[in-house]
Amino acid sequence: MSATVARIFEALGDPVRRYILELVAADEQSAGTIVAAVQQRAAISQPGVSQHLKVLRDAGLVSVRAEGTRRLYLLDRSGLDAACLWLTRLADPIEQFAQPLDALATEIARGKRPRRAANSGQSVEEAAGPDARHA
């Protein structure tokens, strides 16, 4: 597991942070709105909520933008995509090899076809003559 994915799952390990993700997944939310919503569910201070938001930012699960004096938070899809990819690999470990194996199968199929000598229409074996087959 990469350090990035490890940070993502560590961040997801806390119920307050998961709730914050639910809030920002619906729509962009101001820090004040997030603090108020979290405080309705848990006894937590504003600096405590800010610390949770920092953990989520550092993990790549939320992004923040400034609008005047307000900070607006939004779900960051790249963090979710990294977590989903890791989970998918657990569920189907062979999937990551599917495309390279498809390419290998194509090359094997090409090798089984008779090769044609340049401009003659004959296969390479036919163009080499009967002695080349027995060499």
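Along the sequence shown, the residues carry numbers beginning at 1. Just the heavy atoms: all of them, side chains too, but no hydrogens, waters or symmetry mates, feed the values below.
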Donor-acceptor contacts, no H, no angles, side chain residues 53-62, under 3.5 Å, sequence neighbours left out:
unit_1 : atom_1 : unit_2 : atom_2 : d
Lys54  : NZ     : Asp58  : OD2    : 2.7
Arg57  : NH1    : Tyr73  : OH     : 3.3

Nearest heavy-atom neighbours spanning Leu23 and Ala37 = CD1-CB, 3.7 Å
query = Can you find a heavy atom in the side chain of Leu72 that is under 4.5 Å from one in the side chain of Val64?
reply = no
key: Residue pairs passing the ring-ring contact (aromatic ring centres under 6.0 Å, His included) test where at least one lies in residues 32-51, sequence neighbours excluded   = none
inquiry  = Please say yes or no: joined through hydrophobic side-chain contacts below 4.5 Å, possibly via intermediate residues, are Val5 and Leu87 part of one cluster?
reply    = yes
key: Partners meeting salt bridge (Lys or Arg N to Asp or Glu O under 4.0 Å) with Arg70 (sequence neighbours left out)   = Glu67
ask   = Of all residues at least two apart in sequence or in a different chain, which pass the side chain to side chain donor-acceptor pair (under 3.5 Å) check with Thr33?
value = Ser30
task = Answer yes or no: is there a side-chain heavy-atom contact under 4.5 Å between Val38 and Val49?
result = yes
message = Holding to side chain to side chain donor-acceptor pair (under 3.5 Å), I want the full list of residues that pass it with Glu10, two or more places apart in sequence or in another chain.
response = none
key: salt bridge (Lys or Arg N to Asp or Glu O under 4.0 Å) partners of Asp14, counting only residues at least two apart   = none
note = Sorted by chain and residue number, the side chain to side chain donor-acceptor pair (under 3.5 Å) partners of Gln39 (sequence neighbours excluded) come out as none
query = What is the distance from atom CD1 of Ile34 to atom CG of Leu21, rounded to the nearest 0.5 Å?
reply = 9.5 Å
inquiry  = If I compare all heavy atoms of Ser63 with all of Asp76, which pair ends up nearest, and what's the gap?
reply    = N-CB, 4.1 Å
inquiry  = Let me check something: do Phe9 and Val16 share a hydrophobic cluster, defined by ILVMFWY side-chain heavy atoms less than 4.5 Å apart, either directly or through other members?
reply    = yes
remark   = In this structure, CZ of Arg71 is separated from OG of Ser50 (nearest 0.5 Å) by 11.0 Å
task = Tell me whether Ile20 is reachable from Leu74 by hopping between hydrophobic residues (I, L, V, M, F, W, Y) whose side-chain heavy atoms are closer than 4.5 Å.
result = no
query = Going by the salt bridge (charged side-chain N to carboxylate O under 4.0 Å, His left out) test, which pairs reach into residues 23-52, not counting sequence neighbours?
reply = Glu28-Arg65
Qualifying side chain to side chain donor-acceptor pair (under 3.5 Å) pairs, either residue in residues 15-24, two or more places apart = Arg17-His52
